[in-house]
Amino acid sequence: MPRPYRSLALAMLLSLNGAAALTVRSTSRIARHHRSLTQLASTASPEAPASEAKSPAPVKNDGAYDKVKMEDIVSLCKRRGIIFPSSEIYNGFAGFFDYGPLGSELKRNVKDAFWRSFVQCREDVVGIDSSIIHNPTTWQSSGHLDGFSDPMVDCKETKLRYRADQLFASPVVLEEDGSTVGYVCVLEANDEDMVKDAKKQAKRLLKEKDLKGSKIQAFQFRDLTEIDEDVMAQVPSPGSGKPTLTMPRDFNLMFQTSVGAMQDASSVAYLRPETAQGIFINYKNVLDTARLKLPFGIAQIGKAFRNEITPRNFIFRSREFEQMEIEYFIPPGDDVWQPYHEKWIADAREFLLKVGLKDELMGYDIHEGDGLAHYARACTDITFRFPFGVQELMGIAARGDFDLTSHTKGSGKTLDYFDEQTRERFTPHVIEPSLGVDRCILALICSAYAEDEVNGEKRSYLAFHPSIAPVKVSVLPLVKNKEPLVLAARQLFEKLQVRWNCSWDQTGAIGRRYRRADEVGVPFCVTVDFETIEDDGAVTIRDRDTTEQVRIPIDDVVDYLGKKLMDIRK
């Protein structure tokens, strides 16, 4: 063979041998990498595919929620993109919050679940979406201009303002002789935190009075609306620590704005403080167009605004919030409203359980006597045990005919109902279930908070019900530098995206990626590995709550997850 051809053949042979050697080395390296990742998955997240030995089930920590603090919930929401303080780059704006990527999905899912349950799956309820600003006379007729207020007190030294019914004072009474040596004043919180704060103040007070070490009687808290001027003169302000608080006075909670070019009395309008009035002023329009017969309901989800004196407890009490409300119109009569009221209480609790609230954290608060609004026949609140104490979550009120009667007088338009069977005209009465979106979301996050141990390793996660989880599925390619594997994972991801909100995560150890998904409540993780593209064409699906793994053919993944992620239906 001529020399040039011998050289070319030798070069080709060396090239082929080198490629073969490289292929052997690469295959060996990939195999080792696969084994190491498999070992890492079994140690960092001890669950294994169904074809392998199952790891022990997680050991639940049933007392985790009892120890969680509100600061932990707020930190989690900020860290994982659920809820941010509004205008944070400008040091925030009290009482306003922004929902992040995960929070906005969670919020939409909660509202969709409410709408499906109470509007789409019922024949007797329809929906509307009224404007945020109404004719100002609306609020005169509804009583908001004259009576929508909270009692407030001001600190004359610090100029801070507080809601009087959220400040609690107690005398400090000595055990030995029953004498009162002064007063303490604490902000509303759970009982444990209020007593703890009061003890600190009492300790300082006793030291100032040269009574250090003296034993005192149990605190007897009363909010500042129940205290007379003589006692108020001794109650210390939370701001100054001295008795510098004013007596309570009413503060209207409505945000005022101007409509049009003029800035005078004729342009004054208000941002709605509740969504209910938008339903009442549209009652006749809906009745005339929707062909409804009593009993029937009108539902609305929308923004409301209240100029809270002291917004607090994160999104529980804020100045801008959303409400999910229904006005359910029924025939009049003292013997008629009670069964409807009781049925709506039961339906409301059933909905809250369906979306994932824990039954043991909910209770009831039945309003009686002075606790009832002047127009209400009855009102029952479904309460929830938040980290800061038991508070109202959802109210179900029997409002009588107050609202329609008031708007009839204010507008001069007849807002009655004609019964074709009895040939009578009357003003319907109303049952009002009302649930704050933001409070519901906070309760869902608290209910979902969970801790357990997996092979001795502590895990904290959000056990959201699949129907309201912000992300339904996370797709995880085992490695990010194996093109056929990543391509198969991307194709599956895009297929799942058509049906659900999914996430893609290819960075870090597989166990760490499982933990990231757990922390934000992703119900299922789908891992595409080497066996998917080289052997069985199946993927591993991991359950968040049990950490169990099953091997599913890639073509069956959509059907399998579809059954697991079925929407809430009646």
Side-chain angles (χ1 to χ4, degrees), residues 64-65 67-114 301 303 311-324 352 355-358 361 384-388 391 393 435-452 459-474 497 500-505 507-508 512-525 544-545 565 568:
Y65 182 70
K67 296 180 180 179
V68 74
K69 298 294 184 183
M70 200 59 215
E71 294 79 8
D72 301 324
I73 300 295
V74 174
S75 175
L76 172 65
C77 289
K78 171 72 185 302
R79 185 175 68 253
R80 301 302 291 166
I82 301 175
I83 301 167
F84 307 127
S86 183
S87 311
E88 188 175 19
I89 63 171
Y90 294 105
N91 299 319
F93 200 32
F96 297 92
F97 296 91
D98 300 331
Y99 283 76
L102 291 176
S104 57
E105 288 290 334
L106 177 60
K107 194 174 195 180
R108 183 175 64 85
N109 292 343
V110 168
K111 293 191 289 185
D112 286 349
F114 179 89
I301 300 175
K303 291 273 191 181
R312 55 203 301 265
N313 291 326
F314 196 32
I315 58 172
F316 177 81
R317 191 182 301 280
S318 55
R319 291 179 168 129
E320 177 184 346
F321 53 95
E322 274 191 276
Q323 289 181 301
M324 302 184 289
L352 295 173
V355 295
L357 290 191
K358 290 183 177 178
L361 296 179
F384 185 84
R385 181 164 64 86
F386 295 95
F388 49 82
Q391 296 285 346
L393 176 63
L435 174 62
V437 176
D438 308 86
R439 288 189 182 187
C440 184
I441 287 174
L442 182 57
L444 285 167
I445 293 172
C446 291
S447 279
Y449 184 85
E451 292 179 4
D452 61 17
R459 178 180 70 142
S460 60
Y461 62 102
L462 293 176
F464 285 130
H465 189 285
S467 65
I468 58 100
V471 177
K472 312 297 187 188
V473 185
S474 186
Q497 263 190 318
W500 304 291
N501 187 41
C502 304
S503 66
W504 171 269
D505 192 352
T507 305
R512 187 170 298 172
R513 284 183 272 169
Y514 283 156
R515 292 296 181 264
R516 284 200 290 260
D518 292 342
E519 191 176 25
V520 297
V522 181
F524 298 99
C525 289
R544 175 199 63 208
D545 298 334
L565 296 170
I568 293 179

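When a residue number appears, it is its place in the shown sequence, counting from 1.
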Verify, without hydrogens or angle tests, whether [X] (side chain) and [Y] (backbone) share a donor-acceptor contact under 3.5 angstrom.
| X | Y | value |
| --- | --- | --- |
| Ser447 | Lys358 | yes |
| Arg319 | Ala94 | yes |
| Asn91 | Phe93 | no |
| Lys107 | Leu102 | no |
| Arg544 | Phe464 | yes |

Using 0.5 Å steps for rounding, measure from the [atom1] atom of [X] to the [atom2] atom of [Y].
| X | Y | atom1 | atom2 | answer |
| --- | --- | --- | --- | --- |
| Leu442 | Met70 | CG | CE | 4.5 Å |
| Tyr449 | Leu76 | OH | CG | 8.0 Å |
| Cys77 | Asp72 | SG | CG | 11.0 Å |

- Item | Sub-4.5 Å side-chain heavy-atom contact between Asp545 and Tyr461 | yes
Strictly below 4.0 Å, N to O, side chains only: are [X] and [Y] in salt-bridge contact?
| X | Y | answer |
| --- | --- | --- |
| Glu88 | Lys78 | yes |
| Glu519 | Arg516 | no |
| Asp518 | Arg515 | yes |

- Item | For the student: nearest non-hydrogen atoms of Ile468 and Leu106, plus distance | O-CD1, 3.1 Å
- Task: Can you sort out the partners of Phe388 under ring-ring contact (aromatic ring centres under 6.0 Å, His included), two or more places apart, ordered by chain and number?
- Result: Phe316, Phe386
- salt bridge (Lys or Arg N to Asp or Glu O under 4.0 Å): which pairs involve residues 92-103, sequence neighbours left out? none
- Message: Test of understanding: with salt bridge (Lys or Arg N to Asp or Glu O under 4.0 Å), list the residues that count as partners of Lys303, not counting sequence neighbours.
- Response: Glu320
